[in-house]
Every structure is written in C-alpha cells, then in structure tokens.
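Shown next, in structure tokens, is the structure this report addresses.
Note: hydrogens, waters and symmetry copies are ignored here, and every other heavy atom, side chains too, is used. Keep in mind it's a predicted model, so treat the numbers as computed, not measured.
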Amino acid sequence: EPLFRSLSLTTVKHLPNDLAAVKKYLGLHLMSFENVSLELKSYKRSHCFETKNAYLDLVQKFYAKQFKSQAALILGSFDFLGNPIGLLNDFASGVSKLAGGDVLGLVKNVTHGLSDSASKITGTVSSALALVDDEHSAERAQIKDTAKTSGEHLVAGIQGLGHGIMGGLTSVISQTAEGASKEGVTGFFTGLVKGVVGTVAKPVGGVLDLASSTAAAVSAGTTSSKREKPPPIRRPRYCVGLGGVLPTYSTAMAQGWEILLQLNEGDTAEQLVAYDGLSFGRERMCIIVSSEELFIFGKIVPTRGDESIVRAKLSDLNKCEWETKTENGRTTTYLQLTVLDAYKGWRRKQIRCDSLKIAKKVSQHINYAKTLHKHAQLTVQIPPGQVKKIW
C-alpha cells in the first residue's frame, strides 16, 4: 500500500561552525516549504539473496526516484513563491465546502490561502533585506520565532517594524564601528557602505515584517481545526547514543535532555550521558550526567530554579565508586564521589542509593562520562575551513 507523508522544511540563518562547514563543502542550498503531501509507493522485493548494503542501496535509489517524480509538488510549495500548491488546495477545499452549503467555510479557506501566501512572500523578501547585517537578521528572526497565535503575530509585526526603524537610524554608526574594529581602514569603508544600504533596507524590512506578521495573524485566525498542528504526544528524542549512533527512543533520556537544556541555558553542544533516579522513597533523588558536569537533585524531576544537592564539573572529578555499609544488620549502598574543592582540596561526597544495582549503573555512567571528557580534551579541534582538506 502507498505511504502518504506530509513533508516540511524550515531553514535557519545561523548554523554551528561544524555544520556550516559541512553545508559549504556539500554545496547545499536549501529553501523553506511547508506541508507537501507526498504519496510514496511501498518497496517490495521477493527472492532476496543480496547483501544488506546492496538492499540499502536499492531502497535509497527507489525512494530517490519517488521524490524526483513528485518534485513539482515540492517546487510549488516553496515559501518564496507563496506556496501556490497550498493556495490551490485551500481554494479547492473552500469550493467543496461551498458545494455543501458552507459559505463561511469557503470564506475561511480562501482567506487563509491568500493571507498565508502573502505572509510567505513578504517574509522571504524581508529576510533577504535583513542579510546586510547578520546581528540584525538574528534579532529579527528571534522576534518572529516567538509568535504562535494571531495576537502574538501582530505584536511580533509591530516589534519588527520598530526594530527595523531603529536599525536603520543606527545602521551607519554601528556597521562602520564594527567594520573598523574588525578589519581596520578597509573594514571602516566596508561598514560604511553596509550602513548606508542598511539605512534604507532595515526600515523597509521592518515594514515588510509588519505586513508578513499581519498576514500570518489572519492566516492563523482562519486556520481550521483540521489544519492546526496537533500537540506533541511525547518529548523530543535525544539523538546521541553510545558511539554517536541514533539510539532507540527513551522517555527517561528525552526528559533528562529537556532538564539539561534548562540547566545549561540551551547549550546543545553539551551531551547528555545519563539521567537516573538514585532513591525513590522518602529521600527522592536523581542524577543528571552530561559530557561536562554532573548534578544531583533532591527530587526525581527537577525544574528550572531548583537547587542541586551536588554539582561538580567532570574536570574536578577524580573518581567515582560505590560502597556498601552494614550497620545493625542493615545494608546501605552509597555512591562515592571524589571531587576537587577550590578551598579544601579533594573531598569525598557520599550519596545514598536505593540498591547496589543503581549504584553500580550510575557509577558506570559517571566514569564513562569522565572518559568522554578526557577524550574530548585530547582531541585536536579542526578549524571549519580545513574540513574540506581532510575529507
């Protein structure tokens, strides 16, 4: 049976240095599109006697051909064209509702299609005008990305207009000063030219942002419940497993990744190694181990603002062990951390665990994270511009 898939692609202006180098080397030029309905045939083959790699190559070629055969649908959904395929689908849906006697449905669909196309076209033009200043472009994108509802789109449009006007008024001074500080006399004149261009381009971009956000507000207000994005049924997957391979989905790791991003203010370069519960009784504790440090909290699911019982950088961690103690016939298991204190030197911290199994598992995770940390410190960092020479 054929597979029906809805495909969307969103581009970003700024990538980490390593991804930017890979994109430049591969010569990728990506453009945004949204909700392209594709029909992919199922791959079937009988009498299989080839190797796994041979079949992977056949499947890749089969689906590459499927995508190429529907390239017109993808091309007709590009944002810079105003998503004409989506506009036609809105019109068709509206006409079908009119045939059923739903006049309001026709108005809503046509309004949504026209406003969505206008929003995408004006948004593309304003993005092109914002390219004269990377910092201005990043701030503008941040303003637009926060808008979800109709009211938020209108507020973002007004903020974008104000941001564009202020950027135009200060463009000559800021661009000239930045260019001079980075490249001297040459940068001064380069910045002066950019500043003059920005004096006109930034306010015009602000006006287009207002127009785009207003159209987006109308589009969001006329979106039917069938078109609304469904709420997520689970947290985003944590995608880095052992050896860098994609792991199977883990609810615990997804939750731990969400907590870690709150702790490190969204630094995605810091990897999550483990998120485990230490004790689940009266003293509820959990541990989060990353590629840089570890946290121990007095609750199973910490939130932003919670104070950690123990927080130690892996560079300050000497070793991690587990130990059992028996007193009055009762055995207690502890996790022992030897951590460097800035004032008292090496200090040993003991954390009680519910079982020996938990202590062993957490100890393995911490020592593995310590090994990864040492390996990263000894790894030669290659500048982005030299990636092509090595490949």
Can you find a heavy atom in the side chain of [X] that is under 4.5 Å from one in the side chain of [Y]?
| X | Y | value |
| --- | --- | --- |
| K319 | E321 | yes |
| L161 | V207 | yes |
| T199 | V172 | yes |
| V339 | N318 | no |
| L337 | L317 | yes |
| E292 | H373 | yes |
| Q175 | V197 | no |

Grab the two heavy atoms, one from [X] and one from [Y], that are nearest each other, plus how far apart they are.
| X | Y | result |
| --- | --- | --- |
| M253 | Y275 | SD-N, 4.3 Å |
| G198 | P203 | O-CD, 3.6 Å |
| A269 | S291 | O-OG, 4.5 Å |

Under 3.5 Å, side chain of [X] to main-chain N/O of [Y], donor-acceptor pair present?
| X | Y | result |
| --- | --- | --- |
| S363 | A359 | no |
| T176 | I173 | no |
| Y63 | K41 | yes |
| K370 | L314 | yes |
| Y238 | L272 | yes |
| D276 | I358 | no |
| D316 | A312 | no |
| S279 | E283 | yes |

Checklist entry - Can you tell which of L335, L294, I296 makes a side-chain contact (heavy atoms from CB on, under 4.5 Å) with V362? => result L335
So, taking the atom named [atom1] in [X] and the one named [atom2] in [Y], what distance separates them when rounded to the nearest 0.5 Å?
| X | Y | atom1 | atom2 | result |
| --- | --- | --- | --- | --- |
| L169 | K202 | CG | NZ | 10.5 Å |
| Y43 | K61 | OH | NZ | 10.5 Å |
| N264 | S290 | CG | OG | 7.5 Å |
| C286 | I259 | SG | CD1 | 6.0 Å |
| Y334 | K349 | OH | NZ | 15.5 Å |
| L210 | H163 | CG | NE2 | 15.0 Å |

Check the hydrophobic clustering (I, L, V, M, F, W, Y; side-chain heavy atoms under 4.5 Å; chains of links allowed) and say if [X] and [Y] are grouped together.
| X | Y | result |
| --- | --- | --- |
| F295 | I309 | yes |
| V196 | M166 | no |
| W322 | V289 | no |
| V310 | W346 | no |
| F62 | F67 | yes |

Item to check | Q377 atom CD, neighbour heavy-atom count above 12 within 6.0 Å | outcome: yes
Next on the checklist: Please determine whether side chain to side chain contact (heavy atoms under 4.5 Å, CB included) holds for the pair Y249 and R235, giving the CA-CA distance in whole Å, both sets of side-chain angles, and the decisive distance to 0.1 Å.
Outcome noted: CA-CA 10 Å; Y249 183 80; R235 291 181 172 88; 4.0 Å; yes
Next on the checklist: As a quick check of understanding, evaluate side chain to side chain contact (heavy atoms under 4.5 Å, CB included) for W257 and R237, giving each step before the final call.
Outcome noted: CA-CA 9 Å; W257 178 237; R237 174 197 297 266; over 6 Å; no
Checklist entry - Are E327 and K325 ion-paired here, with the side-chain N under 4.0 Å from a carboxylate O? => result no
Item to check | Side-chain donor-acceptor contact under 3.5 Å, T326 with T331 | outcome: yes
Next on the checklist: Using the rule given for side chain to side chain contact (heavy atoms under 4.5 Å, CB included), can you reason through R352 versus D354, listing the C-alpha separation, both sets of side-chain angles and the distance that settles it, and then say yes or no?
Outcome noted: CA-CA 7 Å; R352 191 182 67 81; D354 273 0; 3.8 Å; yes
Next on the checklist: Using the rule given for side chain to side chain contact (heavy atoms under 4.5 Å, CB included), can you reason through K313 versus E293, listing the C-alpha separation, both sets of side-chain angles and the distance that settles it, and then say yes or no?
Outcome noted: CA-CA 4 Å; K313 292 187 176 297; E293 53 189 330; 4.1 Å; yes
Distance-only check: which donor-acceptor pairs under 3.5 Å involve side-chain atoms of residues 183-192, not counting sequence neighbours?
unit_1 : atom_1 : unit_2 : atom_2 : d
T190   : OG1    : T186   : O      : 2.9

